[in-house]
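Side chains included, hydrogens not; waters and symmetry mates left out as well; all remaining heavy atoms used.
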Amino acid sequence: MGTSPDRRPRREPPDTGAPPSADDAGRPRGAGRPRRLTARGGGDQSVPREPGRRHRRARTSTPARPATVAGRRRRELVTGRSPAHPARPGGGPELDGADDPPDGPGRRRIMLAALAGAAVISATALVAALLTGTPGPDAPAGTTRPLTSAEADRVAALRVTNLRDVRAGVRVTVGAGGARTELVGWVDWARPLVYLDVGGPGADADRGLAQATGSALLVRPDPGALPTPARPPLVPPTDGWRMRAPGGGHGLGAVRDLLIGLGAGRVDLPGADGRWLRHDSVGGIPVDVLQAPLAVPGDPRPTLWLDADARLHRLAGRLADGTPVTVELSRADRPTLHPVDALGGRPGQPRDLTDDEAERLAALPARLRAVGGAAVTVTAPLGPSATLRGTGTLSWATSSAYLVVIEDGSGRRTLRWVRPGRVAEAHRSPDGPATPPTPMPAGLLAAPARPPGDDLDRLIDAALRAGTHAPDGALRVREDRVADRAVDVVEVPGGRRWWLDRGGLPRRLELRTGSGVWVRLDLTPGRVSAGPAGPASR
């Protein structure tokens, strides 16, 4: 069929945003133009408008697709232009929805809901991109870029997240090649405590076990240990531990400082000069690899493998002396750690004393005077080369103690005669007896008295004074066992812990030193011979 001139299809020029021509000036947009209808065959049919009558689009067997409208409106939202409204014949804009088919209002609500849903999805995707460190338009894939604010906040929260998680398994590599040292174990940020098995071709004298707090480092050397370290035993050996110098920025001391430094009680300030490097995966967990300032000893800008929850999985950098170090954290490997006795023993849940426990502690001086005395042994790690061990007796009847003290390593031996506030000392030959000779040597009787000079003297002095004064303000730390007896570990002011059996007699006294270790006096209550009056009483 032919098409009449007044019904010939007419294409509208695209809206380019250009100003109207002079011929169109003053004419409402769309006025006098026929509207287009899409027929089944795809041809356009124009229907002229009648003045004063609102026309609707003819219903066809192929409905208009919402995606077309949604796409158009989305483009208008993106470009910032107002949608073009067709004009009424009278010159005013046509009401929105005037061209909807009979079910148009419902369809319009569906379209608005779809647009709202798209906005929500877009916002969610944007937040997810910020959290996962997706590169922005200024950082193509495979290039680095500055950290987003969300990434900087995750770095700032890293150390608090570690403290919240309490513990993690660690594998540390220090150095490279044949000089590398490998360390395997755990870090407890809440206590804080590090427990490691030290190995690798560069371990040398450090090969063996190590435990450390923020102020003390203990080692248990084992030259015959396997070259490749493994997880240390959860319950550590009780003997063979000695203090080790921190190391000043290298070795075990630097590793201890780095691991403990990864935990903190407050959020750090976000760094302004960090870089996002790439996406990666650690143990199947998606992470962002970042290089950012971190408030830990050593490298000021380590490389961090950080997940979306601000949990660190790997760190690569340098120790304070420039040695390369890599730390891998296993967030699922987090057993309860047992510190050795010199670091306070296994953790407990401190609480106030019950009435029965308070009565037993208040009756301690009377019980000590009634029992008379105790055989004693001393373990006192006072420094890297000054672990002292002693054997002797203590008498609450005469308020004195008599011991032979041996220094590990050198074998140096001394006799000590202690009374409250005074100590007399005499040197013995390194091959002398390991128990105090009887009777007391004349050289010790004639030795001048001095005030307590080290933590061992102060420990014995505290044990003697317990025969006259009951401690106040005590807390029960935990239940424990010593010499096959159940005891209550009770901490009193002054950094002292009494291990009291259920009969109220002491089985151990501990004193916390300024270096953060606990020196120990084990007691076996019973009758002992009283020492003679000596220079300490004059």
Side-chain angles (χ1 to χ4, degrees), residues 144 155 158-159 162 168-189 192-223 225-232 242-264 268 271 273-275 277-278 280 282 287 289-306 312-330 333 384-385:
T144 68
V155 174
L158 180 157
R159 299 200 300 154
N162 285 338
V170 297
R171 178 177 291 272
V172 183
T173 302
V174 179
R180 75 182 183 280
T181 301
E182 299 174 354
L183 308 96
V184 177
W186 302 276
V187 56
D188 184 325
W189 290 293
L193 178 73
V194 173
Y195 182 24
L196 302 168
D197 184 10
V198 184
D204 296 332
D206 290 334
R207 191 180 309 278
L209 299 179
Q211 279 202 2
T213 63
S215 58
L217 173 59
L218 298 180
V219 295
R220 187 177 186 271
D222 186 3
L226 295 175
T228 302
R231 285 169 37 128
R242 60 181 178 84
M243 286 190 69
R244 168 73 184 276
H250 63 274
L252 283 177
V255 172
R256 181 271 313 266
D257 295 341
L258 172 61
L259 293 178
I260 291 179
L262 288 174
D268 298 321
D273 56 348
R275 302 287 298 177
L277 303 182
R278 64 184 183 276
D280 205 341
V282 177
V287 296
V289 184
L290 315 170
Q291 191 174 54
L294 196 62
V296 295
D299 196 332
R301 285 171 54 86
T303 302
L304 312 171
W305 280 254
L306 195 63
L312 181 67
H313 294 266
R314 184 180 298 160
L315 177 149
R318 293 185 178 274
L319 299 178
D321 65 351
T323 306
V325 60
T326 300
V327 178
E328 297 187 24
L329 298 174
S330 176
D333 184 14
S385 60

A.B. asks: Is any side-chain heavy atom of Glu182 less than 4.5 Å from a side-chain heavy atom of Val184?
C.D. replies: no

A.B. asks: Might you point out which heavy atoms bring Arg242 and Pro221 nearest each other, and give the distance in Å?
C.D. replies: NH2-CG, 3.6 Å

A.B. asks: Which atom pair, heavy atoms only, marks the closest approach of Pro232 to Leu209?
C.D. replies: CB-CD2, 3.8 Å

A.B. asks: Indicate the atoms forming the closest heavy-atom contact of Leu306 with Leu312, along with that distance.
C.D. replies: CD1-N, 3.7 Å

A.B. asks: Enter the distance from Leu218:CG to Tyr195:OH here, rounded to the nearest 0.5 Å.
C.D. replies: 12.0 Å

A.B. asks: Output, in order, the C-alpha distance, side-chain angles, deciding distance and verdict of side chain to side chain contact (heavy atoms under 4.5 Å, CB included) for Leu252 and Val198.
C.D. replies: CA-CA 9 Å; Leu252 283 177; Val198 184; 3.8 Å; yes

A.B. asks: Report yes if the side chains of Val187 and Leu262 come closer than 4.5 Å at any heavy-atom pair, otherwise no.
C.D. replies: no

A.B. asks: Locate the shortest heavy-atom distance separating Pro302 from Leu315; write the atom from each residue and the value.
C.D. replies: CB-CG, 4.1 Å

A.B. asks: Report yes if some heavy atom in the side chain of Asp273 is under 4.5 Å from a heavy atom in the side chain of Arg301; otherwise report no.
C.D. replies: yes

A.B. asks: If you take all heavy atoms of Pro229 and Gly200, which pair is closest and at what distance?
C.D. replies: CD-N, 4.1 Å

A.B. asks: I'd like to check Arg244 versus Asp206 (side-chain heavy atoms, cut-off strictly below 4.5 Å). Are they in contact?
C.D. replies: yes

A.B. asks: As an exercise, state the distance from CG of Leu193 to CD1 of Ile260, rounded to the nearest 0.5 Å.
C.D. replies: 7.5 Å

A.B. asks: Rounded to the nearest 0.5 Å, how far does CZ of Arg171 lie from CG of Leu183?
C.D. replies: 10.0 Å

A.B. asks: Going from CZ on Arg314 to OG1 on Thr303, what distance comes out if it is rounded to the nearest 0.5 angstrom?
C.D. replies: 11.0 Å

A.B. asks: Between Val255 and Val327, is the side chain to side chain contact (heavy atoms under 4.5 Å, CB included) condition met? List the steps.
C.D. replies: CA-CA 9 Å; Val255 172; Val327 178; over 6 Å; no

A.B. asks: Which heavy-atom pair separates Gly178 from Pro201 by the least distance, and what is that distance?
C.D. replies: O-CB, 3.4 Å

